[in-house]
Amino acid sequence: MDRRPTSPSSLETHFVDIHEVLPEEKEGTMADKGEKPPKRPNKFRDMKRSQRNFSRQVSLETGFSVLNRESKAKDERRVLRRSGRSFGGFGATNRVGGDGRKGDFSIFMTKSALTKQNSSLPLRRESELDFQKNDGSGVDDSVPAGRYFAALRGPELDQVKESEDILLPKDEQWPFLLRFPIGCFGICLGLSSQAVLWRALATSPATKFLHVTPFINLALWFLALAVLLSVSFIYILKCVFYFEAVKREYFHPVRVNFFFAPWVVCMFLALSLPSILAPKTLHPAIWCIFMAPYFFLELKIYGQWLSGGKRRLCKVANPSSHLSVVGNFVGAILASKVGWQEAAKFLWAVGFAHYLVVFVTLYQRLPTSEALPKELHPVYSMFIAAPSAASIAWETIYGDFDGLSRTCYFIALFLYISLVVRINFFRGFRFSVAWWSYTFPMTTVSVATIKYAEQVPSVLSKGLAVFLSFMSSTMVSVLFVSTLLHAFVWHTLFPNDLAIAITKRKHGRDKKPFKKAYDIRRWTKQSPLSFVSAMTKINSADKGLDEQKEAEH
């Protein structure tokens, strides 16, 4: 075969066909084999080459540049743009039926509904799955607890940092169910605990001089029941249609504790049942129905704390963690009311042990734990809920407000005072549903004060019980009116819930520079040592040569 030297000019125009040779392309292959092609005008041959599809050929000169451009474009598609668009703008550019869609909220829908919806749109489904595969931040995957602390800020971890990307658009309003958080059960906690307080004010001998009518307890009980049914119905709809969003809330280190709230509210309603509707003794089945889901949930959460995994207590501890402990004391009170004293003692022991662990963890702030937000907020009032509930439970079980019960009460009272004197730390925050976290601990310590006034009757104890009860009821009234205004007048109660739309991991656009900077710092740290060691070796070698020369002379 005749081998001809190739000149630089020939390399510039030579192409390599990477596809199968078609019949009309035999001319090119004949030329490569050295056979003489049929005589045709050069102009016609050049025109035919220029008309070939460029996608079937790669130029030896420009092939790498084309591949580089394609890889860069793919990398740009992988990284979410800082506009808050779902899947890097996929929802904004995708057109279904000729209309542009601003956001794709179906990624948080229940899997069955999402599969049924995407079956009619195969191209869209393939694009979404391909992006999720490249991005590595699938919605149905569990988000690490540390990722929430890294991507979010604020006392409830509900505000996304500026440097973070989210899976849903920020510039449009989301569906109502996606904006409805699990924290709304805090409203039910506040109202149901108020029903318990006003029942105690109406029946306690320490506050008999107030002549409180039991109809206030009846009205609050029906109001709390109506709010509980409404909130539960809406959140059940969210579980049905947007179960992936519910999973995100369950993995959230703060909101996971509010999954205990519905069962605590039910137990509060059982304890505050008006005398007109209440039987002489409650049936034990009521305690079993309300306490069973709470107990199984705390087995899961406490198991994560104990196992030492990624969701161990030192990683996820925050003031709302007390909510997973308070239910044990409330359940102990209800168990004692139904006549199951041993079950009440068991729950009290479990709750008190875990309260000590949570209390010490939050006070100690281990260096290995995730940093808690610096701002104080209503959730910090959870510190006073557990010890005050423990004192009430101990008095209910043993029938005496003795030394241990008073110890827990005094701890709660001191923590209450320490938070009140720091009132400035609770200013400067926008109104949110989390503000209802004020009411439940304040009401609990008020009921504990009434129990204390029964055992230690005096002007000071009775006056303190009335004052704390007045403060608690005033707070509930103000928050209730504010909630109604924000919900039905200003329509600002449920903003976009950005916390559930964070990506599974932060995109690595800035990882390489940081790694290079780290390598440079490490090199600069090690280079003086290596320089010193090298100089030491040279000096020792010179000394050895000098000694050898002196010995020769």
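Along the sequence shown, the residues carry numbers beginning at 1.
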query = For Asn496 and Leu168, what are the C-alpha separation, side-chain angles and deciding distance, and is it a side-chain contact (heavy atoms from CB on, under 4.5 Å)?
reply = CA-CA 10 Å; Asn496 290 340; Leu168 294 178; over 6 Å; no
Ser477 and Val481, any side-chain heavy atoms less than 4.5 Å apart = no
ask   = If you take all heavy atoms of Leu334 and Ala270, which pair is closest and at what distance?
value = CD1-CB, 4.0 Å
key: Atom pair CE (Met382) and CG (Leu419), whose distance is rounded to the nearest 0.5 Å   = 12.0 Å
inquiry  = Check the orientation of Tyr438 and Trp435. Use parallel for under 30°, tilted for 30 to 60°, and perpendicular for over 60°.
reply    = perpendicular
ask   = Which residues satisfy the side chain to side chain donor-acceptor pair (under 3.5 Å) test with Thr444, sequence neighbours excluded?
value = none
request  = Applying ring pair (Phe, Tyr, Trp, His ring centres under 6.0 Å), name anything that partners Phe290, two or more places apart in sequence or on another chain.
outcome  = none
ask   = Given side chains that start at C-beta, do those of Leu299 and Tyr294 come closer than 4.5 Å, heavy atoms only?
value = no
Summary of salt bridge (Lys or Arg N to Asp or Glu O under 4.0 Å) pairs that have at least one residue in residues 225-238, sequence neighbours excluded = Lys238-Glu249
message = Once rounded to the nearest 0.5 Å, what's the spacing between atom CZ of Phe259 and atom CG of Leu297?
response = 8.5 Å
query = Do Arg153 and Glu164 meet the salt-bridge criterion of a basic N to acidic O distance under 4.0 Å?
reply = no
task = Identify, with sequence neighbours excluded, every residue that meets side chain to side chain donor-acceptor pair (under 3.5 Å) alongside Thr483.
result = Trp436
task = Search all heavy atoms of Trp198 against all heavy atoms of Ser473 and return the closest pair with its distance.
result = NE1-OG, 3.3 Å
query = Roughly how far apart are Thr449 OG1 and Ile392 CD1, rounded to 0.5 Å?
reply = 8.5 Å
inquiry  = If you take the centroid of each ring, where Trp contributes its six-membered ring, are Phe359 and Tyr363 closer together than 6.0 Å?
reply    = yes
inquiry  = Could you tell me if the side chain of Arg311 sits less than 4.5 Å from the side chain of Phe251, heavy atoms only?
reply    = yes
query = Sub-3.5 Å donor-acceptor pair from the side chain of Ser192 to the main-chain atoms of Cys266, do we have one?
reply = no
task = Give the intermediate values and the outcome of side-chain contact (heavy atoms from CB on, under 4.5 Å) for residues Ile384 and Phe414.
result = CA-CA 9 Å; Ile384 66 178; Phe414 172 78; over 6 Å; no
ask   = Can you check side-chain hydrogen bond (donor to acceptor under 3.5 Å, both in side chains) on Thr439 and Gln194, steps first, answer last?
value = CA-CA 8 Å; Thr439 60; Gln194 279 292 303; over 6 Å; no
ask   = Has the side chain of His354 got a donor or acceptor atom that lies under 3.5 Å from a matching backbone atom of Val350?
value = yes
Under 3.5 Å donor-acceptor, Ser381 side chain and Pro441 backbone = no
task = Using the test ring pair (Phe, Tyr, Trp, His ring centres under 6.0 Å), find all partners of Tyr409 that sit at least two apart in sequence or belong to another chain.
result = Tyr452
query = Side-chain contact, heavy-atom cut-off 4.5 Å: Trp305 with Val357?
reply = no
ask   = Around atom CH2 of Trp263, are there more than 12 heavy atoms of other residues, nucleotides or ligands at under 6.0 Å?
value = no
ask   = Any side-chain heavy atom of Trp394 sitting closer than 4.5 Å to one from Cys408?
value = no
message = So does Thr503 get a backbone contact from the side chain of Arg147, meaning a donor-acceptor N/O pair under 3.5 Å?
response = yes
Heavy-atom check, side chain of Asn257 versus side chain of Asn318, under 4.5 Å = yes
key: Ser446: side chain to side chain donor-acceptor pair (under 3.5 Å) partners, not counting sequence neighbours   = none
ask   = Can you name the ring pair (Phe, Tyr, Trp, His ring centres under 6.0 Å) partners of Phe268, sequence neighbours left out?
value = Phe440
message = If I compare all heavy atoms of Lys170 with all of Leu498, which pair ends up nearest, and what's the gap?
response = CG-CD2, 4.3 Å
ask   = salt bridge (Lys or Arg N to Asp or Glu O under 4.0 Å): which pairs involve residues 486-502, sequence neighbours left out?
value = Arg255-Asp497
query = Which heavy atom in Tyr235 sits nearest to a heavy atom in Pro181, and how many Å separate them?
reply = CE1-C, 4.1 Å
key: side chain to side chain donor-acceptor pair (under 3.5 Å) involving Thr492 - partner list, sequence neighbours excluded   = His486
query = Looking only at atom types and distance, does a side-chain atom of Ser418 sit under 3.5 Å from a main-chain N or O of Leu415, one as donor and one as acceptor?
reply = yes
message = Once rounded to the nearest 0.5 Å, what's the spacing between atom CZ of Phe488 and atom CG of Leu485?
response = 10.5 Å
inquiry  = Quick one: does any side-chain atom of Trp348 pair with a main-chain N or O of Ala390 as donor and acceptor, under 3.5 Å?
reply    = yes
query = In chain order, what residues pass the ring pair (Phe, Tyr, Trp, His ring centres under 6.0 Å) check against Phe346, with sequence neighbours excluded?
reply = none
key: Nearest heavy atoms of Ala245 and Ile500, plus distance in Å   = CB-CD1, 3.9 Å
Which donor-acceptor pairs under 3.5 Å do side chains of residues 324-331 form with protein atoms, sequence neighbours excluded?
unit_1, atom_1, unit_2, atom_2, d
Ser324, OG, Ser321, O, 2.6
Asn328, ND2, Glu298, OE1, 3.1
Asn328, ND2, Tyr302, OH, 3.2
Asn328, ND2, Val325, O, 3.3

request  = Measure across Leu197 and Ser469 and return the closest heavy-atom pair with its distance rounded to 0.1 Å.
outcome  = CD1-OG, 3.6 Å
request  = Show your reasoning for whether side-chain contact (heavy atoms from CB on, under 4.5 Å) applies to Lys300 and Gln304.
outcome  = CA-CA 6 Å; Lys300 176 68 174 178; Gln304 293 176 352; 3.4 Å; yes
inquiry  = Quick check for you: to the nearest 0.5 Å, what is the distance between Ser193 atom OG and Leu220 atom CG?
reply    = 9.5 Å
message = If you define the side chain from C-beta out and look only at heavy atoms, does anything of Glu244 sit under 4.5 Å from Met109?
response = no
key: Donor-acceptor contact below 3.5 Å, side chain Lys315 vs main chain Gly146   = no
ask   = Tell me, do Leu271 and Ile333 make a side-chain contact under 4.5 Å, heavy atoms counted?
value = yes
message = Please enumerate all residues that pass side-chain contact (heavy atoms from CB on, under 4.5 Å) together with Ile234, with sequence neighbours excluded.
response = Phe176, Leu177, Phe180
query = What do you reckon, is CZ of Phe410 surrounded by more than 12 foreign heavy atoms closer than 6.0 Å?
reply = yes
key: Donor-acceptor contact present, side-chain Trp174 to main-chain Pro169, <3.5 Å   = yes
inquiry  = Looking at Leu468, is its backbone amide N or carbonyl O close enough to the side chain of Ser472 to form a donor-acceptor pair, meaning the two atoms are under 3.5 Å apart?
reply    = no
ask   = Stepwise, does the side-chain contact (heavy atoms from CB on, under 4.5 Å) test hold for Ile301 with Val256?
value = CA-CA 9 Å; Ile301 301 300; Val256 65; 3.8 Å; yes
remark   = So CZ of Arg179 and OH of Tyr242: to nearest 0.5 Å the spacing works out to 10.5 Å
inquiry  = Could you check whether any side-chain N or O of Arg248 sits under 3.5 Å from a backbone N or O of Phe243, counting only pairs where one atom can act as donor and the other as acceptor?
reply    = no
